[in-house]
*Asks:* 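Structure incoming, see below.
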Amino acid sequence: MKTIVYYYSHKGSNRFLAQRLASDLACDIEEIKPRLNVHLLMIMGLNLGNRALKTKVEDYDKIILCGPIWMGKLIVPLKNFVIKYQRKIKKLIFVSCCGSSFKDKDNKFGHNLVFNQVKSLLHHKCLHCEAFPIDLFAPAELKDDSAAFMKVHLNSENFMGEIIPVYDALISRINEL
Ligand SMILES: Cc1cc2nc3c(=O)[nH]c(=O)nc-3n(C[C@H](O)[C@H](O)[C@H](O)COP(=O)(O)O)c2cc1C
């Protein structure tokens, strides 16, 4: 089974998560690079496509796609990836380090909305979706300060506590799929 992690990250949380997954799964990794890597313009929906990948999607049995959620949407670089390689993807697991908590997953900006978008594009090829909400690793004292809370990014220092069982369960799940 050949596996690869493809990721996009603006502030580093999903880069950290993607690199950690690739290291623990001992698999390949490649960053998805949008031609227009301007956060605000991408949020507004401006889309010039992604740069060409160095790896070949069709060479992999299992793909882990990792990236953030903005405004309750499947972000432009990830959407471009899914649409462009829809036919070549064999199995995909979608992973997001995002702001919405497990409790808020079905709200307007909740991660389930994005998971449903990925599932509706890939149908049975999307085998699993997993969220790593910021509240799994943000300091408890920031939980009432939403601006400061959203600025917390995942790294080797805060990768501990509540996030670990969620992460370990995901690794087991990926290995079983
Ligand atoms: C402009 C903006 C909009 C966001 N909208 C959402 C959202 O709708 N739902 C959500 O769960 N998280 C949302 N987030 C939080 C990001 O998904 C979260 O900070 C993510 O971990 C950032 O990943 P990165 O560090 O890899 O760029 C938003 C963040 C920004 C900056």
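Quick caveat, the model's predicted, so the values are computed rather than measured. Computed from heavy atoms alone, side chains included, the values below leave out hydrogens, waters and symmetry copies. Read the numbers this way: they start at 1 and go in the same order the structure lists the ligands and their atoms.
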*Asks:* With sequence neighbours left out, which residue pairs that include part of residues 163-172 fulfil the side chain to side chain donor-acceptor pair (under 3.5 Å) condition?
*Replies:* Asp24-Tyr167

*Asks:* If the plane angle is over 60° it's perpendicular, under 30° parallel, otherwise tilted; pick one for His111 and Phe102.
*Replies:* perpendicular

*Asks:* For residues 24-43, which residue pairs qualify under ring-ring contact (aromatic ring centres under 6.0 Å, His included), counting only residues two or more places apart or in two chains?
*Replies:* His10-His39, His39-Trp70

*Asks:* Give a yes or no on whether the backbone of His153 and the side-chain of Lys11 come within a donor-acceptor separation of less than 3.5 Å.
*Replies:* no

*Asks:* Residues two or more places apart in sequence or in another chain: which of them pass side chain to side chain contact (heavy atoms under 4.5 Å, CB included) with Glu157?
*Replies:* Asn155

*Asks:* Protein residues near ligand 1, heavy-atom distance below 4.0 Å?
*Replies:* Ser9, His10, Lys11, Gly12, Ser13, Asn14, His39, Ile43, Pro68, Ile69, Trp70, Met71, Gly72, Cys97, Cys98, Gly99, Ser100, Phe109, Ile134, Met150, His153

*Asks:* Decide yes or no for Lys90 and Asp61: does some side-chain heavy atom of the first lie under 4.5 Å from some side-chain heavy atom of the second?
*Replies:* yes

